[in-house]
Amino acid sequence: MTLKIPKIRFLLPCAVLLLAIAAGALPLFVPALPPGEPFPETEAFHVAFEQGGVSVGAESAILIDGDSGSVLYAKNPDERRGMASTTKIMTAYAVLSSLPTEAVVEITPEMTGVEGSSLYLKAGEKLTVEELLYGLLLESGNDSAVALAIACDGSVEAFAERMNETAKELGLENTRFANPHGLSEEGHYTTARELAMLTAEALKNETFARIVATYQTRIPYEGIEGGRYLTNHNPLLKSFEGMIGVKTGWTTADGKCFVSAARREGMTLIGVTLGDTGISATHRRLLEFGFEHFEKRTLQVDVPLQLPLVGGEASFLAAEAEALTLTLPKTGEVTVRIDAAPFVYAGTAKGTPAGRAVFLWNGVEVGSTPLVTAEEAPAKKISLWEKWFG
């Protein structure tokens with residue numbers, strides 16, 4: 001959807017640029033924000049969500065656009081909590097960043113007999129990294145998590161360090177891992193926001209995305225091809241339109257945890273709940289609300305923009321701003337504000353930054369794109385007389 005802005009909204013600001021030169025009201029240059037800034041978590045947004053009849057009983061929850069990171073709903077999103085087996089999203093992401101999927105792992109005794117959900121690995125059998133990843137993400141095998149950790153770094157402790165280093169690289173400041181499987185342990189926590197951020201990054205990996213979207217598969221058991229029959233624990237994978245993953249989790253201490261992702265009409269939504277008593281109904285409501293009330297919009301300035309030119313052949317220089325695609329509510333007014341330099345000097349090259357186009361939803365800034373000069377600005381040719389006598 002392309003934003004159509006009445007010309008009158010720009011003619012006046014452009015005229016005001018001339019007055020602002022003398023008044024000093026506009027900065028010479030305004031730094032541009034990165035395209036796709038997360039949508040502000042405004043009170044108005046939360047009210048709209050509640051009016052949609054959606055209730056979230058989890059201790060922490062968030063719904064984001066997986067492409068831009070825009071936050072569509074949040075409840076205690078920065079509260080540190082245990083994450084149970086949703087830990088395995090990071091386990092898989094870290095493994096895929098370090099080991100080839102075709103590498104063969106020979107199961108050792110220390111990889112077997114791990115507490116909790118299990119693939120019932122046997123010492124001496126051999127499985128590929130990809131087969132273990134299926135066991136990790138579909139069957140939630142804790143022994144599979146330990147096997148991958150040891151294959152990757154030699155020990156669970158060393159792999160946990162890798163997980164924490166990876167979290168740091170991704171900018172996850174409120175996330176820390178003590179193990180690769182998610183069993184409750186001191187110093188093992190994340191937040192709904194950061195788990196959503198991690199998932200958005202993990203889904204960019206084609207192998208990860210393929211595995212978490214798989215409902216059922218078979219892998220070997222003690223060398224017997226297809227001996228293990230794996231079924232994805234995601235309760236919505238076969239029943240929710242557009243569902244593409246990703247991971248469930250549960251421990252007595254952490255409660256029920258779930259990270260879901262669904263894609264419809266080019267829009268990918270990621271929902272996270274931590275410390276819940278149920279997951280299917282909550283995520284169904286959460287995602288349906290997102291698809292019903294939000295859409296991707298392409299915002300652009302579609303009227304001519306000109307900046308005052310000093311020392312040039314012409315009095316003005318054309319400027320332009322890139323289009324910006326954001327996930328926004330289907331209702332509400334979208335406007336644009338031009339934060340521009342009061343003037344540009346002759347000799348300015350095409351594409352020189354000169355401010356930014358700021359897009360607002362109901363008066364709240366949601367994103368911006370750089371405003372740049374659209375052409376070169378050759379200097380005015382002056383005579384020898386003018387050079388000497390001004």
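Predicted, not measured: the structure shown is a model, and the values here were computed from it.
Taking hydrophobic clusters as Ile, Leu, Val, Met, Phe, Trp and Tyr residues chained together by side-chain heavy-atom distances below 4.5 Å, Val358 does not share a cluster with Val334. With hydrophobic clusters built from ILVMFWY side chains whose heavy atoms lie under 4.5 angstrom apart, Tyr189 does not share a cluster with Leu195. Cluster membership check: Ile219 shares its hydrophobic cluster with Leu96, using side-chain heavy-atom separations under 4.5 Å among Ile, Leu, Val, Met, Phe, Trp and Tyr. In terms of hydrophobic clustering, with Ile, Leu, Val, Met, Phe, Trp and Tyr side chains grouped at heavy-atom distances under 4.5 Å, Phe240 and Leu237 are assigned to a common cluster. Under the 4.5 Å side-chain heavy-atom criterion for grouping Ile, Leu, Val, Met, Phe, Trp and Tyr, Leu360 is not connected to Ile338 through any hydrophobic cluster.
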Exercise for review: Evaluate the criterion salt bridge (Lys or Arg N to Asp or Glu O under 4.0 Å) for residue pair Arg264 and Glu288; output intermediate values, then yes/no.
Suggested key: CA-CA 11 Å; Arg264 294 181 189 173; Glu288 284 291 5; 3.2 Å; yes
Practice item. Apply the test side chain to side chain contact (heavy atoms under 4.5 Å, CB included) to residues Lys247 and Met83: give CA-CA distance (whole Å), side-chain angles for both, the deciding distance (0.1 Å), then the verdict. Key: CA-CA 11 Å; Lys247 190 72 187 74; Met83 67 198 101; over 6 Å; no
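Note that CG of Leu287 is 11.5 Å distant from CD of Glu241, once rounded to the nearest 0.5 Å.
The pair Lys256-Asp276 does not count as a salt bridge, with every side-chain nitrogen at least 4.0 angstrom from each carboxylate oxygen.
Formation of a donor-acceptor pair under 3.5 Å by the Arg228 side chain with backbone atoms of Pro220 is found in this model. Under the 3.5 Å distance criterion, the side-chain polar atoms of Asp143 are matched with a main-chain donor or acceptor of Leu119.
Judged purely by distance below 3.5 Å, without hydrogens or angles, the side chains of Ser85 and Lys88 pair a donor atom with an acceptor atom. For the residue pair Thr207 and Thr101, no side-chain donor N or O sits within less than 3.5 Å of a side-chain acceptor on the partner. When only modelled atom types and interatomic distance are considered, Tyr134 and Arg210 share a side-chain donor-acceptor pair under 3.5 Å. Side chain to side chain, Arg162 and Ser97 fail the donor-acceptor criterion of an N or O pair below 3.5 Å.
Checking Asn174, Thr175, Thr86 one by one against Thr190, the side-chain hydrogen bond (donor to acceptor under 3.5 Å, both in side chains) holds for a single residue, Thr175.
Ring pair Tyr345/Phe343 is perpendicular by interplanar angle, where above 60° counts as perpendicular and below 30° as parallel. Classified by interplanar angle (parallel below 30°, tilted 30° to 60°, perpendicular above 60°), the ring pair Phe294/Phe289 is perpendicular.
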